[in-house]
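Comments concern the structure below.
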Amino acid sequence: MRFDVHIAKPPTLISDSLGHGSRRTYAAVARVSRSSGGFMDVVAVYSRGYCDQHEEVESLDRLLGLLVVSAPVSFTQITLAQFPEDLPRGWEAAWEAVEEAVLVLPE
């Protein structure tokens with residue numbers, strides 16, 4: 001199934017930390033539509049940066065969670081998804097589509 005992600009508002013910086021590397025955490029509002037119909041409005045929380053502890057550099061660029069604030073009528077509860085399987089049935093693959101969309105946004 002194909003998912004389209006439209007970023008509705010520019011990302012907001014919600015945390016900036018330095019230490020053994022650098023990590024910035026952002027939130028972005030997006031609408032996720034699927035090719036078979038339906039949509040979800042989500043707040044995507046994601047991080048950008050790196051960690052350089054123990055002489056190894058690790059990328060911290062990843063989607064941390066999705067707050068589903070509006071979803072198909074058959075799934076009416078607000079959900080905090082920390083993993084793809086936490087999303088409503090049939091929407092699990094939307095996780096990767098949202099992650100791909102937010103990680104290309106400018107910092």
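Of all heavy-atom pairs spanning Val69 and Val42, the tightest one is CG2-N, 4.3 Å. Pro84 and Trp95 make their closest contact through CG-CG, 3.6 Å (heavy atoms, listed as atom of the first residue, atom of the second, distance). Pro106 approaches Pro11 most closely through the heavy-atom pair O-CG, 4.2 Å. The two residues Glu99 and Arg62 come nearest to each other via the heavy atoms OE2-CA, 3.5 Å. The two atoms that bring Glu92 and Arg89 nearest to each other are OE2-CA, 3.6 Å, heavy atoms only.
How far CG of Leu66 is from CG of Leu80: 8.5 Å, rounded to the nearest 0.5 Å. Taken to the nearest 0.5 Å, the CG atom of Leu18 stands 12.5 Å off from the CZ atom of Arg23. Here the straight-line distance linking atom CD of Gln82 with atom CG of Leu63 works out to 11.0 Å at 0.5 Å rounding.
Relative to the ring axis of Phe39, Arg31 places its NZ or CZ within 45° and under 6.0 Å from the centre.
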Which pairs would a plain distance check flag for residues 43-50, meaning a side-chain donor or acceptor within less than 3.5 Å of a matching protein atom at least two apart in sequence or in another chain?
residue : atom : partner : partner atom : Å
Ser47   : OG   : Leu60   : O            : 2.4
Arg48   : NH1  : Leu103  : O            : 3.0
Arg48   : NH1  : Leu105  : O            : 3.3

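Counting only heavy atoms from C-beta outward, the side chains of Val102 and Ile7 approach each other to under 4.5 Å. By the 4.5 Å heavy-atom criterion applied to side chains, Val32 and Asp4 are not counted as neighbours.
In Glu56, the CD atom is not crowded: 12 or fewer heavy atoms of neighbouring residues, nucleotides or ligands sit closer than 6.0 Å.
For the residue pair Ser22/Arg24, the side-chain donor-acceptor check at 3.5 Å is satisfied.
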